[in-house]
Amino acid sequence: MSSTSAAVVIEGLTKQFGDKVAVDAISMTFPQGAFVGVVGRNGAGKTTTMKMCTALLPPTAGTVSVMGVDVWQEPVAAKKHFGALPETMALFDRLTGAELLVYNGLIRGMDRALVVQRSRELTRVLGLDDAVDRLVVDYSHGMTKKIALAAALLHGPAVLFLDEPFEAIDPVSTRAIEQVLNRHVADGGTIVFSSHVLDVVERLCDHVVVIERGQIKQAGAIDEVRRGGRLEDAFLALIGQEAADTKGLTWLGSS
Amino acid sequence: MAGIFLSLKVAVLKNRAAALRRNPAIGQSMVITVLVLGYFIVRYGPDFYATLARSGSFPDPGPIFAQLSFSVVFLWIVLTLTYGGRHDLDVRKLQLLPIRPAAIAVGLASTLVFSPGLWLTAGLAVVLAASFPDAIDHLPLLALSGVALVLLCAITGQLIGAGADLLARQRHARDLLLLLTFALAAVPVVLFFVMRSQFEGGSALPGSGVMQWVPLAWPGVAMAAAGQGLTGIAGAALAGSFLLVALGGWAWTGIIARSMLAQDSSTTRPARADDPYTSFARRLPANRRGAVAALELRLLWREPARLPGAIMATLIFGGIFTVIATALFDANDSGLAVFGVCAISFCAVGRRVNEIGLHASELWTNVVAPGRSADDLVGRDVASAIIDLPVVVIALLAIALDRGEWSYVLPALVLGVSAVLATYAGLRVFNVTFAKAQPRSKDTAPTQQRQSPILNLLAMLTWIIATAPVFAAAALVAAFGAGWLILALPAAAVYGIGLWVLSLRWMGGWLDRHQAELLVRIQGG
C-alpha cells in the first residue's frame, strides 16, 4: 500500500508499556483518497496505533506523518490536517452541541460565520438538529459520538482517524455517518478507522490492515486480503483463531 | 485566543447557571454555602478588615507582611487541592485541537477574571498596601507588590491545580495527594492563629523574620519594604516575585503539554498471587453476608479517593471525640467521658451515607442473585464493624492510658458498641429510604463525588435520633453515679441490639419485595 501522494505515512511505529510491546515497529502508507479499515481483536493494538497517529500518545519509537507533516515533531501543524474521533471523548460537555462546534471552530482559527454554516449542515446530516441546543452532558452515547464526529469534520480535514465510529450508533445514524464518510473520501479525503464490525469494514473500505499482537498481519486492498471470500473468514484465518473450546461449560443452563 | 477562552468560559457559566435552576442538589449547596459564608462575613468581616488595615503601622512590618503573603499563597495551594482543578476547561478537552500549550495557558489565565478568589486576593492586596501611613508616597512600588502577590497566587493555583490533575491520573498518587491535602490544610490554620497572636500583641514573633527568605513570602516582603520607603529591598523582592511568576508560568505550560497526552489506564493492575486482601477476605464468613462484607471493603479501596476520605474522617472525628472524652475527665466524672466514646460511632456516618446509591452496580448483582436481602444488609454492617469497632477500642484504650483509669473501660465499651449498633440501625433505614442516584467518580477524578449537604444533614439527624437513648443511658450514669450502671448498661445494650434487629427485619423485608424498585431509583431510571 504505497503512493507518491501519501496521506499518512507510518514508519517503525512502536509503543511499549513496561515490558509489554503494544505496537511493534509497524510501517504502512495510506494514499490520499483511501478508505482504510484497521481491524484486529481486542487488545491487538488498534487504539494505541490510532492514539499515536493523532498526537495523543507518544510513541516509544518510529514516526507518523500526516500530509507530509510529522505528527510528533509538529503536532500543532499536523492537527490542522486531520480530524479524529478517539475511543474516549473528552468534550466540553457543559456546552450545547451548537456551542461546542462553534468553539471548536473558533479555537481552530476558523471564521465564525463559516463555523456556524458548517455546523448547521453537519448537525442536519447527522440527525442532531433537535439536539443542538441541549447540553452535551445530556446526550446519549450515540449522540455524543455524532457531535464529536461533527467536531472532527468541521475544519474539512484531509485525513480522518476514527476509532470505533459505529459503536453504539443506531442503524439510521450509521447510514447517515456512512454517507458523510463516503462523501469525504469521494472529495479526496482519507479515512483511517478501526472497527470490530467486519461487515462495515467490508462495505465501506477499499483498504484494510489486519493487526495482531501489535504487528501487521496483512495490509492491502480489501480484495487482496479477502481473496474472493468474506473478510471475516480471511481475518480469522490470518490471526489463526480457532473455534472456542466450550467443552468445560457443560454446566451452562443447568440451574 | 484569550477572547475565545473568555467567551467559552462565559458560555459554560451561563449553562451552569441554567442547570442550577434545574438541579436542587446544587442549589441546596449554594444556599448553604452562601448562608455559612454570609454569617462569617457579617460576624467577623469588620474586625478582620480593621485588623488588616493596621498591618502597615507595625514597628517592623516586614515579618508580618512576609507571613501574610505566605499564608495567602499557601491558601491558594490548599484550596486548589481541596476543590480540584479545572473541570469545565480541562485541557484534555483541547487535545485534538491545533493549539500550543502556551496559548492554552494564556487563554486559561484570562478566565481567571471570573475567579472570586482572585478578586478577594486583589482586595486584600489593596487593603494591605493602603495600610501604610504614607502609602500614597510609595504608590508605584506598593501597586507593583500587590500585582506580584495576585499574580503569584494565580499562577500557583494554576500550577498546583494542573499538577494535581495530572498526578491524579494515577490511582495511588491521587490518594496520597488527598491525604497530603488534609495535612497541608493544617498549615493555614496554624498560621492564622500565629498571625492573630501577633496582631493582638502588636509585634512580630521573635524569629519570624526567617519567613522573609521563603519565596512565597516575597511579594509581602516587597510590599513591606515599599511601604517603608526601602526601595532597594522592595526592588529585589519584586524581581524575585516576578521571577517566581515566570517560573510558575513555564512549569504550568509544561504540565499543560503533558496533560494533553493520553495516559495508560490507572485501573490496570498486575495480577498478584499473594494479594493480602484475598487472604483476609477468606477469613470472613463463607456465605452471602461474608461475600457482601468482602465486596464492601474492596470497594472502599477501589472507589476513587474514598479510602483517604474515610481515613481522614476517622482520624479527625475519632481524634476529636477522643480528645473531648479525655477532657471531660476534667469534670472529674468518668461517666461524662463515655459520651466521647459513644460519639465515635459518628465516624461510620460519613463513610456510609448513601452507600446503596453509591454502589448501584453492586445492588444490581444482588437483585439478580437469589437470596435474602437481609443478608446483604448484615454484610454491609460486618464490613463497617471491621473498621468501627477497632476505632472504638483504640479510643477507649487511648483515654484509659492517658488518664490511668481502667474501671470505666468495660461499661464504656458496652455503651460505645451499643451506639455503633444503633448507628448502623439508623443508617440502614436512612440508606434504603433516601438512597439516591450518585454517579461514580471517574477513575481519574482527583476527588470523590460529594454528597448533597441536605443528605449529609439528614444523615446526621438520623444518627442523633438513633443514638440518643444510648447517650441518655450514659447521661444517667454521669448524673446519678456509677450505681446506675446496673440499669444503664443492659438498657443501652438491649436498645442497641433491639434497634439493629428491628431495622434489619424492617428493611430486609421491604427490600425482599422492592429491591428492583430501589435499583431503578438509584440508577436514575
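Remember, predicted model here, so these are calculated numbers, not experimental data. Convention: sequence-line order gives letters A, B, ...; per-chain numbering from 1.
- Residues satisfying the ring pair (Phe, Tyr, Trp, His ring centres under 6.0 Å) criterion with A:Phe35, sequence neighbours excluded, are A:Phe193.
- Side-chain atoms of A:Lys51 never come within 3.5 Å of backbone atoms of B:Leu261 as a donor-acceptor pair (strictly under, hydrogens ignored).
- Below 4.5 Å, heavy atoms of chain B meet heavy atoms from A:Ile107, A:Arg108, all part of residues 107-116 of chain A.
- Considering only heavy atoms from C-beta on, B:Leu94 comes within 4.5 Å of A:Phe92 through its side chain.
- Other residues, nucleotides and ligands contribute at most 12 non-hydrogen atoms within 6.0 Å of the CH2 atom of B:Trp250.
- Among B:Ser7, B:Ala11, B:Pro98, B:Ala18, the residue making the largest number of heavy-atom pairs under 4.5 Å with chain A is B:Pro98.
- Here the CG atom belonging to B:Leu96 is positioned 9.0 Å from the CG atom belonging to A:Leu85, to the nearest 0.5 angstrom.
- Listed options A:Leu95, A:Leu106, A:Val137 were ranked by heavy-atom pairs under 4.5 angstrom with chain B; first place goes to A:Leu95.
- Not a single side chain to side chain donor-acceptor pair (under 3.5 Å) links A:Asp129 to another residue, sequence neighbours left out.
- Interface check for chain A: of the options B:Ile99, B:Asn15, B:Val12, the most heavy-atom pairs under 4.5 Å are formed by B:Asn15.
- Put simply, CG on A:Leu91 and CD on B:Gln95 are 10.5 Å apart, with the number rounded to the nearest 0.5 Å.
- Qualifying side-chain contact (heavy atoms from CB on, under 4.5 Å) partners for A:Ala77, counting only residues two or more places apart in sequence or in other chains: A:Val69, A:Glu74.
- Both the backbone and the side chain of A:Ala84 come within contact range of chain B, judged by heavy atoms closer than 4.5 Å.
- Closest approach of B:Ile4 and A:Tyr103 over heavy atoms only: O-CE2, 3.9 Å.
- Heavy atoms only, all atoms of each residue included: B:Met260 and A:Lys79 are closest at CE-NZ, 4.2 Å.
- To the nearest 0.5 angstrom, A:Leu135 atom CG is 9.5 Å from B:Arg16 atom CZ.
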